[in-house]
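Everything below concerns the one structure shown next.
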Amino acid sequence: MVLLIQNEVIKLLLKKKMILITLLLIIFIGLFSYGEKYAYDINIERLESISSESEFDWQGISQQQLEDLYDRLESPYISENGIKSVEIEIEQLKYFIDNDINPVTPSAAKFTVEFIEQGIIMFIPLLIVILAADIVSGEFTTKTIKVLLTRAVPRWKILFSKFVAIIMMTSIFMLVVAILSLIISYLFFGRWGFSEPVATGFSSLNGVLNTNNVILVSRFEYILLTYSLAWFVSVVIATITLMVSVLVKNSASVIGVLMAILIGGQFLQFFLSEWDLVKYFFVTNLNLTRYLTGSYQQIEGMSLNFSIIVLGVWMIVSAILSFVIFSRKDVLV
Amino acid sequence: MYKKYIWPIIVLLSISLIVTFIVGFGISVSISKENNKASLGVNSEDASVGIEKNKVEELEVVDENNAKNSPKYELLYDGKPNILVIGDSIGFGFGDENNNGIGKRYADLIELDTINSPVYNLSVSGDEVKDLSLIVNNLENESLIKDMDLIIISIGGNDLNRIGYTDSVDLEMNYLDTLNMYKNELGEILTRIQTLNKNAKLAFVGLYDPFANNEQKTKLLLNWNYETSLLLQDYSNIVYIPTYDNFKENLNSYLAFDQFHPGPEGYEYIARELYDVLHSLD
């Protein structure tokens with residue numbers, strides 16, 4: 001079995017798919033980093049020319065905000081939860097002031113998080129689809145399926161080795177995304193920013209944001225959290241891709257079908273609040289990282305647990321279907 | 001040959017990564033778990049840092065211990081309050097599930113049993129201030145108004161909407177006429193209510209902008225709200241419930257299907273604002 005997996009991994013590597021998606025990644029990360037840096041510089045320039053000072057006085061503004069927050073703490077109308085939220089914001093702001101960092105300054109870690117938060121719904125799944133699309137359908141086009149199936153190995157083992165190979169490569173790919181994001185954005189921004197505090201731990205109660213359990217974590221820990229969620233999403237996408245790859249003999253069609261579903265699914269987001277069924281579709285549940293940040297539109301009944309369960313069900317059903325279909329399929333090559 | 005080295009590296013790397021990611025995944029889930037305690041209102045704030053800071057939505061939290069000992073309405077009223085809602089379609093609750101509206105939702109927030117202490121409603125969709133005046137002066141409603149502990153008023157939106165105009169100067173002139181007429185009528189309505197009932201708390205619901213596409217009209221609406229709150233200063237025991245700012249920020253979620261009246265979320269917000277304002281005045 002291990003040999004089978006090893007075989008599949010080597011096949012994946014030799015097909016150079018990993019290299020292709022890594023290249024695409026480098027291009028996009030480069031573009032986004034550059035864009036952010038450019039926008040930031042323009043903003044600073046503009047603000048400096050308005051205030052006609054040689055250097056942008058963010059300290060003054062941040063100090064002012066801090067004082068506003070302290071004032072709010074002393075208001076007689078503030079509630080317990082309000083105190084907690086304000087204290088967390090004060091902590092965050094103080095960190096930036098104490099370390100002499102402008103709170104909006106982009107840093108490598110910040111970019112890495114933003115990149116995955118943006119990419120988790122479409123860009124990363126697309127790359128995974130490219131990686132995994134021809135894992136089965138490719139064997140049909142090159143007629144190597146004959147060679148594969150005439151071996152004395154049960155069919156399910158063959159599919160399983162492919163499945164494991166895909167999972168392994170997906171995991172490594174997530175690491176590649178993280179490292180590339182960090183390195184390339186560091187080249188542009190010059191700051192790591194791992195220790196910057198980030199607030200997370202939001203949950204929802206009756207459709208309203210609940211800040212009872214909010215904690216501050218470092219950016220580094222936050223990267224781990226968001227990338228773990230992204231990894232989960234990638235694994236689910238990879239499994240669904242596997243299923244489509246089993247069903248469709250043409251690799252290009254696999255990519256096309258999945259792209260259509262991913263993109264079309266985004267449009268379904270608009271119906272989330274009216275049409276209940278939409279929230280059981282896997283595409284609308286891909287955006288797991290937004291549950292961590294707490295700054296999103298609450299949809300009735302959707303929470304991190306809910307999305308994970310929906311994705312999990314889609315993954316299990318896809319896996320079962322793949323194995324059943326592949327085992328019984330008539331291969332007439 | 002490189003097959004010998006690549007394979008073990010890949011196995012090691014992928015296994016350690018998978019373990020790391022599963023752990024990270026578990027942590028994310030545990031810190032985002034839903035709170036199962038039965039709190040009613042929650043305080044929420046956007047935790048973005050720095051100069052990109054924006055809106056804040058504050059809703060009051062309810063102390064659960066208090067709830068177990070005595071129902072919330074006793075914090076403000078002696079015994080079960082009688083609640084009356086008067087005015088236009090927003091008072092009526094048009095756009096809300098079962099036309100619940102502000103009155104019923106507020107009653108829920110203070111844990112009032114609306115089966116035994118029903119929320120009274122004399123609102124009529126489309127009513128303008130002159131129609132409200134007729135209702136308040138109607139002898140048939142006298143004893144009802146006398147009995148009330150809280151009266152929620154929502155009026156003026158239809159008056160403002162009906163201002164006709166041909167150009168912006170025309171608009172300003174007509175606006176001033178309508179505003180003056182409205183202020184006079186509203187003043188008389190409030191006087192009438194307080195003559196009948198000295199002790200009831202009054203609450204006036206401010207106007208929000210469902211269209212947000214005409215700067216001049218928005219400014220007039222803001223002026224309307226301002227003049228209203230000024231007028232209310234002349235009366236005692238009355239509070240103003242502002243809705244403009246928060247509706248502006250949450251237009252998509254607060255409005256009903258007709259994109260004009262509030263929807264359930266919008267009414268809930270107004271009820272909570274009412275709760276906040278009334279219950280912080282101790």
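All figures in this text were calculated on a predicted structure; none of them were measured in a lab. Below, chain A is the first sequence line, B the second, and so on; all start at residue 1. Only heavy atoms go into these numbers, but all of them, side chains included; no hydrogens, no water, no symmetry mates.
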Neighbour count above 12 (heavy atom, 6.0 Å) for [X] [atom1]:
X	atom1	value
A:K15	NZ	yes
B:Y226	OH	no
A:F220	CZ	no
A:F232	CZ	yes

- Task: Output the option from A:L224, A:I5, A:L288, A:T226 having the highest count of non-hydrogen pairs under 4.5 Å with chain B.
- Result: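 Counting heavy-atom pairs under 4.5 Å, the top option is A:I5.
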
Proximal component of [X], with respect to chain A [non-hydrogen, under 4.5 Å]:
X	answer
B:T20	both
B:I15	neither
B:V11	both

Approximate separation, where rounding is to 0.5 Å, of [X] [atom1] and [Y] [atom2]:
X	Y	atom1	atom2	result
A:W231	B:I18	CH2	CD1	6.0 Å
B:L17	A:S228	CG	OG	10.0 Å
B:I10	A:Q6	CD1	CD	9.5 Å

Please classify the contact between [X] and chain B as side chain, backbone, both or neither, with a heavy-atom cut-off of under 4.5 Å.
X	value
A:L225	both
A:V235	neither
A:Y227	both

- Query: Can you list the steps and then say if A:L13 with B:W7 is a side chain to side chain contact (heavy atoms under 4.5 Å, CB included)?
  - Reply: CA-CA 11 Å; A:L13 287 176; B:W7 174 242; over 6 Å; no

- Where B:S28 and A:L304 come nearest, the two heavy atoms and their spacing: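 Taking B:S28 first and A:L304 second, the nearest heavy atoms are O-CD2, 3.7 Å.
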
- Message: If you compare all heavy atoms of B:S14 against all heavy atoms of A:S171, which two are closest, and at what distance to 0.1 Å?
- Response: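 Looking at all heavy atoms of both residues, the shortest contact is O-CB, 4.4 Å.
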
